[in-house]
Amino acid sequence: MKNYVLVTGGAGYIGSHTCVALAAAGYTPLILDNLCNSSAKVLDRLATISGAAPRLIEGDVRDRALLDRVFAQEPVQAVIHFAGLKAVGDSVVDPLLYYDNNVNGSLVLAAAMRAAGVRTLIFSSSATVYGEPDESPIPESAPTRPANPYGRSKLMVEECLGDLYRSEPGWRIALLRYFNPVGAHESGLIGEHPQGKPNNLMPFVSQVAVGTRPELVVHGGDYPTPDGTGVRDYVHVMDLAEGHVAALRHALAQPQALLTVNLGTGRGCSVLEVVQAFERASGRPVPRTIGPRRPGDVPAYWGDPAAAAEVLGWQARRTLDQMCADSWRWQSGNPEGY
Ligand SMILES: NC(=O)c1ccc[n+]([C@@H]2O[C@H](COP(=O)([O-])OP(=O)(O)OC[C@H]3O[C@@H](n4cnc5c(N)ncnc54)[C@H](O)[C@@H]3O)[C@@H](O)[C@H]2O)c1
């Protein structure tokens with residue numbers, strides 16, 4: 001009986017929440033993570049939430065010999081591949097690092113899967129593959145023109161996996177394009193803990209609310225949006241986690257499949273809406289100033305989630321208020337992270 005779901009990057013933010021959703025759906029996650037952006041302490045938290053901690057294999061997804069050993073020794077029915085680097089700015093400074101980790105890492109993994117006869121793969125892609133869209137909501141058929149090495153690394157992997165799918169029968173591959181994951185598990189035991197200064201809005205806002213940072217600088221207040229601030233499609237990380245379970249279940253039921261699916265809410269929220277929702281959730285003020293626009297930022301975009309609903313039967317259910325309440329529970333209970 002092939003029973004593990006190998007979760008690369010499973011100690012990280014989205015991966016750890018997906019381990020919770022997998023366990024709740026009756027799957028057994030097996031984590032492979034080099035802990036370059038996460039902590040093994042997450043395992044105790046996962047044990048408290050799910051009743052048992054997933055096993056962790058500490059190692060790198062680019063280590064082919066390790067992957068061959070894992071596939072030879074462990075019964076793995078499918079892989080969810082989160083392991084990768086995700087800071088857009090860093091990818092501009094060190095593109096080779098990003099291409100090595102994200103593209104090469106995915107190729108080594110896919111080759112090891114092929115050799116082992118494991119052909120079900122759910123891949124973490126990103127809405128950054130769309131770059132600046134012509135319109136929102138963005139359907140999966142929109143042109144892809146990523147504006148930075150991070151986004152290009154995701155698109156390259158999508159294309160490689162599409163070619164792999166077409167090269168031989170039996171592959172079931174889901175390319176999941178996430179919009180903006182935020183929030184935390186409702187227990188407050190796991191969440192996002194960026195190292196250094198956060199690049200994303202929600203961790204920044206929570207750090208200001210908890211007092212770790214003095215104020216939020218909003219990047220741009222003169223965009224052509226209702227309140228002048230940038231608009232994004234924020235999706236609760238537990239909804240996203242459940243989207244992976246839906247994609248896995250769907251893939252495993254097909255003889256073969258190649259799916260490209262947006263995971264978002266289909267609704268855009270502005271920076272100021274998020275800040276106000278966070279103030280309500282935390283009962284704390286979030287001091288802010290409006291700064292200049294950040295080069296490369298798109299004024300507004302949100303995803304079209306229709307395909308995810310139709311094909312996977314998945315829809316984001318949690319509201320912006322829940323996203324903020326859960327982020328606050330995690331941040332206020334764990335101001336230093338794990
Ligand atoms: N968080 C977002 O906003 C977002 C949006 C779209 C897509 N994604 C993608 O989703 C995936 C997960 O993102 P996250 O937010 O959970 O990030 P994260 O950094 O919290 O998790 C990634 C995990 O992968 C591990 N890792 C990195 N390189 C590795 C390697 N070579 N071998 C083994 N482990 C490795 C890290 O230690 C970490 O635990 C990434 O691929 C990211 O690009 C994230």
Side-chain angles (χ1 to χ4, degrees), residues 6-20 29-43 46 54 56-64 66-67 70 79-91 97-109 112 121-130 146 148-158 175-185 190-196 198-204 232-238 240-241 243-244 261-264 301 303 323 327 330 337-338:
L6 182 67
V7 184
T8 75
Y13 172 46
I14 305 170
S16 58
H17 289 79
T18 300
C19 287
V20 172
L30 170 64
I31 298 176
L32 176 88
D33 199 304
N34 67 4
L35 304 179
C36 71
N37 196 36
S38 51
S39 161
K41 290 186 190 153
V42 73
L43 296 176
L46 290 176
L56 166 70
I57 298 168
E58 195 176 332
D60 198 295
V61 81
R62 292 163 293 182
D63 182 344
R64 175 67 192 265
L66 171 68
L67 292 179
V70 170
V79 179
I80 306 185
H81 179 37
F82 293 103
L85 302 177
K86 61 170 180 176
V88 168
D90 292 352
S91 80
L97 178 70
Y98 271 67
Y99 291 126
D100 182 37
N101 216 310
N102 294 3
V103 181
N104 183 33
S106 300
L107 297 184
V108 172
L109 173 66
L121 175 59
I122 313 296
F123 173 62
S124 295
S125 189
S126 166
T128 52
V129 299
Y130 296 117
N148 51 62
Y150 168 70
R152 276 190 283 278
S153 76
K154 291 291 176 187
L155 186 58
M156 285 176 194
V157 176
E158 284 197 5
L175 310 172
L176 304 182
R177 294 177 174 168
Y178 316 156
F179 280 72
N180 293 68
V182 295
H185 186 261
I190 58 173
E192 183 175 18
H193 183 65
Q195 310 193 335
N199 291 306
N200 296 333
L201 177 65
M202 190 69 90
F204 211 110
R232 296 288 178 272
D233 184 344
Y234 296 98
V235 54
H236 194 296
V237 66
M238 282 310 299
L240 197 63
H244 288 74
V261 176
N262 288 336
L263 293 183
Y301 67 83
M323 300 177 206
S327 286
W330 156 252
Y338 289 104

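When a ligand or atom number is given, it counts from 1 through the structure's own listing order.
- Counted by atom type alone, Asn262 and Tyr130 present one or more donor-acceptor pairs between their side chains at under 3.5 Å.
- At least one N or O atom of Val61 sits closer than 3.5 Å to an N or O atom of ligand 1.
- Applying the ring-ring contact (aromatic ring centres under 6.0 Å, His included) rule to His236 yields no partners; only residues at least two apart in sequence or on another chain are considered.
- Judged by the shortest distance from any of its heavy atoms, Ser125 lies inside the 4.0 Å radius around the atoms of ligand 1.
- Under 4.0 angstrom from ligand 1, the non-hydrogen atoms of Leu35 all belong to its backbone.
- Using a 4.0 Å cut-off between heavy atoms, Lys154 contacts ligand 1 through its side chain alone, with no backbone atom that close.
- Residue-to-ligand polar distances place Asn37 within reach of ligand 1: an N/O pair is separated by less than 3.5 Å.
- In this structure Phe82 satisfies the ring-ring contact (aromatic ring centres under 6.0 Å, His included) test together with His244, sequence neighbours excluded.
- Contact atoms of ligand 1 toward Asn101: 28 (N), 29 (C), 30 (C), 31 (N) (distance under 4.0 Å to a heavy atom of the residue).
- The contact set between ligand 1 and Tyr150, taken as ligand atoms under 4.0 Å from a residue heavy atom, comprises 6 (C), 7 (C), 8 (N), 9 (C), 42 (C), 43 (O).
- Residue contacts with ligand 1: Phe82 is placed with a nitrogen or oxygen under 3.5 Å of a nitrogen or oxygen of the ligand (distance criterion only).
- Using a 4.0 Å cut-off between heavy atoms, Ala127 makes no contact with ligand 1 at all.
- Among the atoms of Leu32, none of the N or O lies under 3.5 angstrom from an N or O of ligand 1.
- Nearest protein heavy-atom contact of atom 13 (O) of ligand 1 is Ile14 CD1, 3.8 Å.
- Not a single N or O atom of Pro181, backbone or side chain, sits closer than 3.5 Å to an N or O atom of ligand 1.
- Polar contact check, Ser126 against ligand 1: no nitrogen or oxygen pair lies under 3.5 Å apart.
- Ligand 1 lies nowhere less than 4.0 angstrom from a heavy atom belonging to Thr8.
- Taking only nitrogen or oxygen atoms, main chain and side chain alike, Cys36 reaches within less than 3.5 Å of ligand 1.
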